[in-house]
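A note on names: the letters A, B, ... follow the listed sequences, proteins ahead of strands, and every chain is numbered from 1. Bear in mind the structure is a predicted one, so any value in this text is a computation, not a measurement.
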Number of protein chains: 2
Amino acid sequence: MTAEIESNFLADIGRRVRALRADQDLTLEQLARLTGISAPALSLIETGKRDARLTTLAKIAAALRVPIRALLEDQTNDASTGGDAPAEGYDLGDYL
Amino acid sequence: MTAEIESNFLADIGRRVRALRADQDLTLEQLARLTGISAPALSLIETGKRDARLTTLAKIAAALRVPIRALLEDQTNDASTGGDAPAEGYDLGDYL
DNA sequence: AGCTGGCTTATCTTTATCGGTAAAACAGTA
DNA sequence: TACTGTTTTACCGATAAAGATAAGCCAGCT
């Protein structure tokens, strides 16, 4: 339950990193040099197997020249799936 | 240089967490129970002294019922209803 | 003064990130 | 079949996050 949502959360981030890297035709080695993060570490993050630190994700976002926000959530709002709507329109789907 | 930008980055996140917590009149103890993160750990994050993991920030955002995006960057220029379009050139100020 | 609540800091243990290196799996392609 | 490039996985050591606990600090209040 909790662990599943967490791994989905990390896997989503990893997919976005990988997609952005592919858009710029960068290899893991190249992104590793740009970020200072090793290629194995990047691979773990992209495959959702590592719970990276905030500054680590910030380095990746900077190297890809996108705001960190672009790595975290879909910019398309979707309808709520759970229960209560917190007054403004967010649902967040109750991460954890 | 690099370390300074990092600490600004973390301090900004911490300030947003603290502001949102204050908006909801929550103490560190209460947020600790909501998130499962200890109050000392939350204090370190809010004061910008800790480089938290992604799932840790996700827990905080969920407890505060805001999208994680709200903790990471200023969204004062958004205020739109559904069409959140980045659309224009980012600078990101070269984190790292 | 003595409280009390909220926050910070310190110490400790467990656990995980992270870089480095190396090896292994997986494409493609000749 | 080999060969090459890319990615994944495994191990190692150093560093750091996170929980727990305790102590310190700083308000406000009786």
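A donor-acceptor pair under 3.5 Å links the side-chain atoms of Asp51(A) to the main chain of Thr55(B), judged by distance alone. Formation of a donor-acceptor pair under 3.5 Å by the Thr47(B) side chain with backbone atoms of Ser43(B) is found in this model.
Counting to the nearest Å, the P atom of dT17(C) and the CZ atom of Arg53(B) are 6 Å from each other.
Contact annotation: the side chain of Asp12(B) never approaches that of Leu72(B) to less than 4.5 Å [non-hydrogen atoms, C-beta and beyond].
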*Determine, step by step, whether Lys59(B) and Ile37(B) satisfy the side chain to side chain contact (heavy atoms under 4.5 Å, CB included) criterion, reporting the C-alpha distance in whole Å, the side-chain angles of both residues, the deciding distance to 0.1 Å, and the verdict.*
CA-CA 8 Å; Lys59(B) 291 175 191 173; Ile37(B) 302 166; 4.2 Å; yes
*Full working for side chain to side chain contact (heavy atoms under 4.5 Å, CB included) between Leu20(B) and Leu71(B)*: CA-CA 9 Å; Leu20(B) 287 165; Leu71(B) 305 178; 3.4 Å; yes
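From Leu64(B), atom CG reaches atom CG of Leu31(B) across 5.5 Å, with rounding to the nearest 0.5 Å. Here the straight-line distance linking atom CD1 of Ile13(B) with atom CD1 of Ile68(A) works out to 6.5 Å at 0.5 Å rounding. Rounding to the nearest 0.5 Å places CG of Leu42(B) at 9.5 Å from CZ of Arg50(B).
Here Ala39(B) lies out of heavy-atom contact (under 4.0 Å) with every strand.
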*For nucleotides 19-30 of chain C, read 5' to 3', which letter fits each nucleotide if B means a protein heavy atom sits under 4.0 Å from the base, S means only the sugar-phosphate is that close, and - means neither?*
B-B---------
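Under the 4.5 Å side-chain contact rule for hydrophobic residues, Val17(B) and Leu44(B) do not share a cluster.
Recorded end-axis angle for the helix from dA1(C)-dT30(D) to dA30(C)-dT1(D) stands at 30°, based on five pairs per end and rounded to 10 degrees.
For residues 17-38 of chain B, the set of pairs meeting the side-chain hydrogen bond (donor to acceptor under 3.5 Å, both in side chains) definition, not counting sequence neighbours, comprises Arg18(B)-Glu46(B), Arg21(B)-Glu46(B).
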Detail all sub-3.5 Å separations between protein N/O atoms and N/O atoms belonging to nucleotides 3-7 of chain C.
| from | atom 1 | to | atom 2 | distance (Å) |
| --- | --- | --- | --- | --- |
| dC7(C) | OP1 | Arg21(B) | NH1 | 2.8 |
| dC7(C) | OP1 | Arg21(B) | NH2 | 3.4 |
| dC7(C) | OP2 | Leu28(B) | N | 2.8 |

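Nucleotides of DNA chain D lying under 4.0 Å from heavy atoms of chain B occupy a range whose first and last members, 5' to 3', are dA17(D) to dT21(D).
Scanning all heavy atoms of the two residues, the minimum distance from Ala39(B) to Ala32(B) falls at N-CB, 3.7 Å. The heavy-atom pair separating Pro67(B) from Ala61(B) by the smallest distance is C-CB, 4.3 Å.
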